[in-house]
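Before I ask anything, let me first share the structure, which is written out below as structure tokens.
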Amino acid sequence: MDLNDEGSHFELKEIQTLSGHTDRVWSLAWNPATGTDDTQPVIASCSGDKTVRIWERSALTRSWDCKAVLEETHTRTVRSCTWSPSGKLLATASFDATTAIWENVGGDFQCVSTLEGHENEVKSVSWNASESLLATCSRDKTVWIWEVMPGNEFECASVLQGHTQDVKMVKWHPTMDILFSCSYDNTIKVVWAEDDTGDWHCIQTIGESSNGHSSTVWAISFNAEGNKMVTCSDDLTLKVWEADIEGMRSGDDQVLWKHISTLTGYHDRTIFSVHWSREGIIASGAADDAIRFFVESKDSAVVGPSYRLLLKKEKAHDMDVNVVQWSPGENRVLASASDDGTIKIWELATNST
Amino acid sequence: MTLGLINANPIVHAKKERVARCEDSHCCDAVDPLDIYDFVRDIRDPEHPYSLEQLSVLSEESISVDDKLGRILITFTPTIQHCSMATVIGLCLRVKLQECFPPHYKVDIKVSPGSHADEEAVNKQLNDKERIAAALENPNLRQLVDECLYSNEL
């Protein structure tokens, strides 16, 4: 396979630039129910211009168009957006301290619920795999877990106060109801509730003493199997972690995530985003305007997994890259967004020379 | 309002004599520290009716530029060790530079080593892009920043 062939040459081809937002684009999300078979891919993006934009690729022209602008709801920057696993709902987190839930009602996106409670800016929102739970986090240092009730009602199930600083991102494990959060306090926390007790508590804090990051941790991403995760930080490194997934599945709350690799020396400015593709390619977006790709290296001289740089795309954007997200439908297609106000769609292709 | 100033008696220095800069914009394509200093030296201190230059919070030596990479580093010296206005000064510097320089310039702002009791914590906050963005959306803070930047213009 070409990823293992260290002689293969890759290039990142720009497919299209999506313009429209009038301020920096903080985040984006591919609708997971689209982009396969006969449905056209859809992306939601959110911005400092207080709006969320919905983009769809035309079946006829293969060109991306802006289908909707979700405005007049959030009163401040929209920091993060994420679709529910079924693709039916979109959650948006804002500096206005609220999280809005949107539903596509006959082509028209309507705000069907507003989650309040955080004391200040909400930074991130995440749905669990079965769509029964939502998590949000904020500069108020807390992580909230919400239960999804019938009729688009949301009930707060837990308010977690473990982090000592601004919480930057929350992310549910891809298959299990285990919640991960990362923070300005440099740590990553792992939270779960035993069975259906609803008693959510922290079962692990990954800090500097466990080979953790030495500055703000901005993002977390899991591999397809869910037994590894990669984190990115203001400390200029990516770190890869591994856990015994079978142990976790059988309900063992003593299972710990262990450090297996630190990718250092590749980035010289803050790394804001990292995303692990189904195929195993790790993409990173950083404050030096570049996008980088890493894969596991089959280096027999090193004991244990190691990672190598597959490709560095300099000047991917004119300003900081805030987010990178692989397409769930198409192979090796990536979307990125930047402080320059644009979203770019890319294809990672092999250069046949 | 001047009640309860953090540093009621700052030391005020004379403004440094300004060297005439070349008028032809073409001969000054490369950005140098003095170009940057000229934009920030007159920013008013949040607490006192003096410029950052007059209070020795900033000097030309506290600015370094890598024009090729497009990186600017500014260090500033708060007037006292426990200055809680440090983050406001940092915001003022950032907003001013954003206005004067093309967006691709990366700006890092730090307090000069040993000049603040919580140096590491302050530096971290001064350079967290998300925190800066949120702070500038706060109308009270924004107003204070605008006063520091524009009060000289009348």
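These values consider heavy atoms only, across backbone and side chains, with no hydrogens, waters or symmetry-generated copies. Letters A, B, ... mirror the listed sequences (proteins, then strands); counts begin at 1.
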**Steps toward salt bridge (charged side-chain N to carboxylate O under 4.0 Å, His left out) verdict (B:Lys124, A:Asp234)** = CA-CA 10 Å; B:Lys124 192 173 182 179; A:Asp234 179 61; over 6 Å; no
**Request:** For residues B:Glu130 and A:Arg139, determine if any side-chain heavy atom of one lies less than 4.5 Å from a side-chain heavy atom of the other.
**Result:**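 Counting from C-beta outward, B:Glu130 and A:Arg139 never come under 4.5 Å.
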**Prompt:** What parts of residues 70-95 of chain B touch chain A if we use heavy atoms and a cut-off under 4.5 Å?
**Reply:**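 So the qualifying residues are B:Arg71.
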**Prompt:** For chain A, which residues from residues 133-142 of chain B have at least one heavy atom closer than 4.5 Å to it?
**Reply:**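 Checking residues 133-142 of chain B against chain A gives B:Ala133, B:Ala134, B:Glu137.
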**Prompt:** With chain B, which of A:Arg24, A:Arg76, A:Glu121 has the greatest number of heavy-atom pairs at distances under 4.5 Å?
**Reply:**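 Between A:Arg24, A:Arg76, A:Glu121, the count favours A:Arg76.
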**Message:** Measuring from atom NZ of B:Lys106 to atom CG of A:Asp289, what distance do you get when rounded to the nearest 0.5 angstrom?
**Reply:**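 CG of A:Asp289 is found 3.5 Å from NZ of B:Lys106.
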**Item:** Choice from A:Asp166, A:Asp340, A:Asp318 maximising heavy atom contacts with chain B below 4.5 Å
**Value:**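 Looking at each of A:Asp166, A:Asp340, A:Asp318 in turn, A:Asp166 comes out on top.
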**Message:** Other residues, nucleotides and ligands only: do more than 12 of their heavy atoms fall within 6.0 Å of NZ on A:Lys189?
**Reply:**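 It does: A:Lys189 NZ has more than 12 such atoms within range.
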**Message:** For A:Lys168 and B:Asp128: C-alpha separation, side-chain torsions, deciding distance, then whether side chain to side chain contact (heavy atoms under 4.5 Å, CB included) applies.
**Reply:** CA-CA 11 Å; A:Lys168 299 298 197 186; B:Asp128 181 315; 3.0 Å; yes
**Prompt:** Residues in side-chain contact (heavy atoms from CB on, under 4.5 Å) with A:Ala287, at least two apart?
**Reply:**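 side-chain contact (heavy atoms from CB on, under 4.5 Å) check on A:Ala287 returns A:Arg269, A:Thr270, A:Phe272, A:Asp320.
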**Asked** Is it the side chain or the backbone of A:Asn322 that comes within 4.5 Å of chain B heavy atoms, both, or neither?
**Response**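 Only the side chain of A:Asn322 comes within 4.5 Å of chain B.
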**Prompt:** NZ of A:Lys171: more than 12 outside heavy atoms within 6.0 angstrom?
**Reply:**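 Result for NZ/A:Lys171: open.
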**Asked** Between A:Tyr184, A:Phe95, A:Trp26, which shows the greatest number of heavy-atom pairs under 4.5 Å with chain B?
**Response**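 Top option by heavy-atom pairs under 4.5 Å: A:Tyr184.
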**Prompt:** Is atom NZ of A:Lys315 surrounded by more than 12 heavy atoms (other residues, nucleotides or ligands) closer than 6.0 Å?
**Reply:**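 Yes, because the 6.0 Å sphere around NZ of A:Lys315 holds more than 12 heavy atoms from other groups.
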**Message:** For B:Glu120, give me all partners under side-chain contact (heavy atoms from CB on, under 4.5 Å), at least two apart in sequence or on another chain.
**Reply:**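 Listed in chain order: nothing, the list is empty.
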**Request:** Decide if atom NZ of B:Lys110 counts as having more than 12 heavy atoms of other residues, nucleotides or ligands within a radius under 6.0 Å.
**Result:**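 Not more than 12 within 6.0 Å, no.
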